[in-house]
Amino acid sequence: MQSKNKPAPTKAEREHIERIKAMACAVCWAPGPSEAHEPVQGLWFLSIPLCPDCHRGSHNGIHGLKRMWQLKKMDELVALNETLRKVL
Ligand SMILES: [Zn+2]
Ligand SMILES: [Zn+2]
């Protein structure tokens with residue numbers, strides 16, 4: 001499912017993504033497996049674990065109206081910080 005202009009992840013990046021996907025949602029704490037959201041396309045080490053609703057939900061998701069993000073007072077950098085706190 002790679003788009004053409006997006007470089008394929010390296011082995012280390014793939015391993016990181018797998019770890020991210022095994023984590024709970026960084027916004028609502030729904031238990032994993034989660035989806036990996038990239039704040040910047042192709043920067044895999046910035047990936048954030050999100051449940052489908054906080055990721056792609058039209059109402060709650062980061063790609064939608066971000067209602068859950070607003071409710072939890074989260075943005076991508078806060079979520080990334082929480083993610084790295086648990087990964088490192
Ligand atoms: Zn969530
Ligand atoms: Zn995303």
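Just so you know, ligand 1 is whichever comes first in the structure, and atom 1 is the first atom listed for that ligand. The figures here come from the full heavy-atom set of this structure, side chains too, leaving out hydrogens, waters and symmetry mates. In what follows, residues are counted from 1 in the order of the sequence shown.
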Check: If every non-hydrogen atom of V78 is compared with every non-hydrogen atom of D75, which pair is closest and at what distance?
Finding: N-OD1, 2.9 Å
Notebook entry, point to check: Taking all non-hydrogen atoms of both residues, which atom of C25 and which atom of S34 are closest, and how far apart?
Noted result: N-OG, 3.5 Å
Margin query: Given a threshold of 2.8 Å, state how many protein N/O/S atoms are nearer than that to the Zn ion (ligand 1).
Written below: 4
Margin query: Can you tell me which N/O/S atom of H37 has the shortest distance to the Zn ion (ligand 2)?
Written below: ND1
Notebook entry, point to check: Can you list the residues that meet the ring pair (Phe, Tyr, Trp, His ring centres under 6.0 Å) rule with H16, with sequence neighbours excluded?
Noted result: F45
Checklist line | Salt bridge flag under 4.0 Å for residues E18 and R14 | finding: no
Notebook entry, point to check: Between H37 and H63, what is the ring plane arrangement, given parallel below 30°, perpendicular above 60°, and tilted in between?
Noted result: perpendicular
Note to self: Is any side-chain heavy atom of C28 closer than 4.5 Å to one of D53?
What the structure shows: no
